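We use all heavy atoms of the structure for the numbers below, so side chains are in, but hydrogens, waters and symmetry mates are not. Order of the sequence lines sets the chain letters (A, B, ...), proteins ahead of strands, with each chain counted from 1. Since we're looking at a predicted model, the values are computed, not measured.
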Protein chains: 2
Amino acid sequence: MDLREISRLLYQIKLADQHVASSFERETGFSLTRYEMLQVAKERGVCTQRVIKEEMKIDNAAITRHLKILEEKGYVVRERNAENHREMFVRVTEKAEQDLRYCERGERANHLVLKALSDEEIHQLSGLLQKLNSHAL
Amino acid sequence: MDLREISRLLYQIKLADQHVASSFERETGFSLTRYEMLQVAKERGVCTQRVIKEEMKIDNAAITRHLKILEEKGYVVRERNAENHREMFVRVTEKAEQDLRYCERGERANHLVLKALSDEEIHQLSGLLQKLNSHAL
DNA sequence: CTGTATTGTTTGATGAGTCAATAATTGACA
DNA sequence: TGTCAATTATTGACTCATCAAACAATACAG
């Protein structure tokens with residue numbers, strides 16, 4: 001297993017990410033990251049940006065910027081925690097929930113992965129990625 | 001298989017890409033993309049940017065910019081094809097070959113993936129990604 | 001040949017992510 | 001109380017990717 005083979009594999013991951021993320025956005029109208037962000041926020045109920053950051057393993061700066069955009073679009077409401085003014089509470093709006101439900105309903109739900117892989121293979125892939133990601137610092 | 005599950009999977013791919021690419025760069029000193037680019041160019045011998053673009057499935061603009069950087073660092077030489085002035089020939093230099101050989105030798109060769117996954121699993125992952133990527137336009 | 005299409009590369013604008021620096025708030029404690 | 005450290009969010013500077021537009025060189029149709 002030499003470096004060349006590894007770089008080939010890693011480059012395949014990069015390509016997969018690019019394809020898959022752009023097709024997700026094309027088909028749902030949501031960027032993958034912001035979709036995930038909304039879902040996390042929705043599942044958590046009202047929560048701070050820190051919680052989202054930890055769950056998504058994304059940079060602080062990215063969180064702030066995405067949430068600003070989501071706020072402008074009316075998908076989330078943000079307000080400082082009155083008891084700890086460092087924290088910012090985030091809550092998804094009814095509008096967001098509607099739009100999410102809408103794009104879930106569309107049978108456009110991501111074709112790319114489903115077309116390429118069987119349920120069994122998707123499950124396998126997910127397991128491998130989880131293993132890989134859990135080894136990252 | 002609903003959209004939420006899919007987005008989780010896709011987000012895992014994104015995270016894997018980020019982890020893996022940054023650890024590759026940390027450990028080899030080469031950005032994954034530029035490493036791959038040098039390898040492709042090396043394997044092809046003298047070739048045009050178009051060939052690299054097709055092999056790597058990367059945007060034209062990205063190719064130009066990476067190659068400029070590689071040129072500044074003395075890793076490639078570029079010159080116009082005398083017989084077709086639209087084309088740019090690329091050739092990797094001796095310096096590049098040396099530095100590549102050097103970083104291959106280092107037993108630092110990418111730990112992350114190797115630590116996380118067995119050879120068997122890496123093989124599986126590679127197969128799944130290939131399948132996934134071949135379904136992208 | 002001469003205009004039109006096509007090809008290969010380059011450039012500019014934009015979006016997403018990082019890290020590092022800063023600000024603001026809180027908590028601990030001498 | 002006053003200062004020092006830690007926490008949370010924000011901002012700025014940078015990299016890397018994309019798309020679209022521009023460009024120069026070539027090919028080709030009449």
Side-chain angles (χ1 to χ4, degrees), chain A residues 10-11 13-26 29-37 41 46-73 76 78-90 136-137, chain B residues 10-11 13-26 29-37 41 46-73 76 78-90 136-137:
Chain A
L10 304 194
Y11 196 73
I13 298 179
K14 175 190 282 293
L15 287 182
D17 171 44
Q18 288 170 358
H19 293 151
V20 124
S22 75
S23 99
F24 183 90
E25 184 158 359
R26 210 178 322 114
F30 285 99
S31 97
L32 175 57
T33 302
R34 288 201 277 269
Y35 181 89
E36 193 67 18
M37 200 169 280
V46 175
C47 66
T48 65
Q49 296 188 185
R50 204 194 88 251
V51 170
I52 300 179
K53 174 195 123 160
E54 279 162 9
E55 170 110 7
M56 294 185 68
K57 283 148 183 52
I58 198 180
D59 190 87
N60 260 326
I63 291 277
T64 296
R65 286 164 186 148
H66 280 300
L67 285 176
K68 267 191 197 168
I69 292 172
L70 289 172
E71 195 175 31
E72 281 165 22
K73 293 191 182 167
V76 303
R78 299 195 307 153
E79 50 186 339
R80 296 233 160 247
N81 177 356
E83 278 145 38
N84 181 346
H85 279 255
R86 286 175 300 195
E87 293 181 330
M88 208 61 165
F89 279 145
V90 179
L137 306 188
Chain B
L10 305 194
Y11 196 73
I13 297 179
K14 175 190 282 297
L15 288 181
D17 170 43
Q18 289 171 356
H19 292 151
V20 124
S22 75
S23 99
F24 183 90
E25 184 157 359
R26 210 178 323 113
F30 285 98
S31 98
L32 175 58
T33 303
R34 289 200 276 269
Y35 181 88
E36 193 67 17
M37 199 169 281
V46 175
C47 66
T48 67
Q49 297 189 183
R50 206 194 85 253
V51 170
I52 300 179
K53 174 196 122 158
E54 277 161 10
E55 170 110 8
M56 293 185 69
K57 284 147 183 52
I58 198 180
D59 190 87
N60 260 326
I63 292 278
T64 296
R65 286 164 186 146
H66 280 300
L67 286 175
K68 264 190 198 167
I69 293 172
L70 289 172
E71 194 174 30
E72 280 165 22
K73 292 191 182 166
V76 303
R78 299 194 307 154
E79 50 186 338
R80 296 234 161 249
N81 177 356
E83 277 144 40
N84 181 347
H85 279 255
R86 286 174 301 193
E87 294 181 330
M88 208 59 165
F89 279 145
V90 179
L137 305 187

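At D:dC16, none of the side-chain N or O atoms of A:Q18 fall inside 4.0 Å of OP1 or OP2 (strictly under the cut-off). Side-chain nitrogen and oxygen atoms of A:R50 include none within less than 4.0 Å of the OP1 or OP2 phosphate oxygen of D:dA6.
Of the two residues near DNA chain C, A:R86 and B:K14, the one whose nearest nucleotide lies more 5' is B:K14. Each of A:V51 and A:R65 lies near DNA chain D, and the nucleotide nearest A:V51 is the one positioned closer to the 5' end.
Rounded to whole Å, the distance from CD on A:E87 to P on D:dA6 is 18 Å. When the C1' atom of D:dT11 is taken as reference, atom CD of A:Q49 falls 13 Å away, rounded to whole Å. As rounded to whole Å, 9 Å separates atom C1' of D:dA25 from atom CZ of B:R80. Here D:dT7 presents its P atom at 18 Å from CD1 of A:I63, a figure rounded to the nearest Å. Distance, B:N60 CG to D:dA21 C1': 13 Å, rounded to whole Å. Atom P of nucleotide D:dC16 and atom CE of B:M56 are separated by 12 Å, given to the nearest angstrom. One atom, NZ of B:K53, and another, C1' of D:dA17, lie 15 Å apart when rounded to the nearest Å. Atom CD1 of A:I69 and atom P of D:dT10 are 13 Å apart (whole Å).
Taking all atoms of both residues into account, the shortest heavy-atom contact from A:D59 to A:A61 is OD2-N, 2.8 Å. Shown here for A:K53 and A:I58, the closest heavy-atom pair between the two residues is CG-O, 3.2 Å.
Distance alone, capped at 3.5 Å, is enough to place a donor-acceptor pair between the B:R80 side chain and the B:R86 backbone. B:Y35 places no side-chain N or O within donor-acceptor distance of the main-chain N or O of B:F24, the cut-off being under 3.5 Å.
With D:dA17, D:dT10, D:dT11 as the choices, the nucleotide that has an atom nearest any side-chain atom of A:K68 turns out to be D:dT11. Nearest to the side chain of B:T33, among D:dA17, D:dA13, D:dA25, sits D:dA17. Closest contact between the side chain of B:D59 and the listed nucleotides D:dA9, D:dT18, D:dA27 involves D:dT18.
In 5' to 3' order, the nucleotides of DNA chain C bounding all contacts with chain A (an atom under 4.0 Å from a heavy atom) are C:dA16 to C:dT26.
Counting non-hydrogen atoms under 4.0 angstrom, A:N84 reaches the backbone sugars and phosphates but no base.
Looking at A:L32 and A:E25, their side chains never come closer than 4.5 Å, going by heavy atoms from C-beta outward.
Using a 4.0 Å cut-off between charged nitrogen and carboxylate oxygen, B:R50 and B:E54 count as a salt-bridge pair.
Side-chain contact, A:H66 with A:R34: a donor N or O sits under 3.5 Å from an acceptor N or O.
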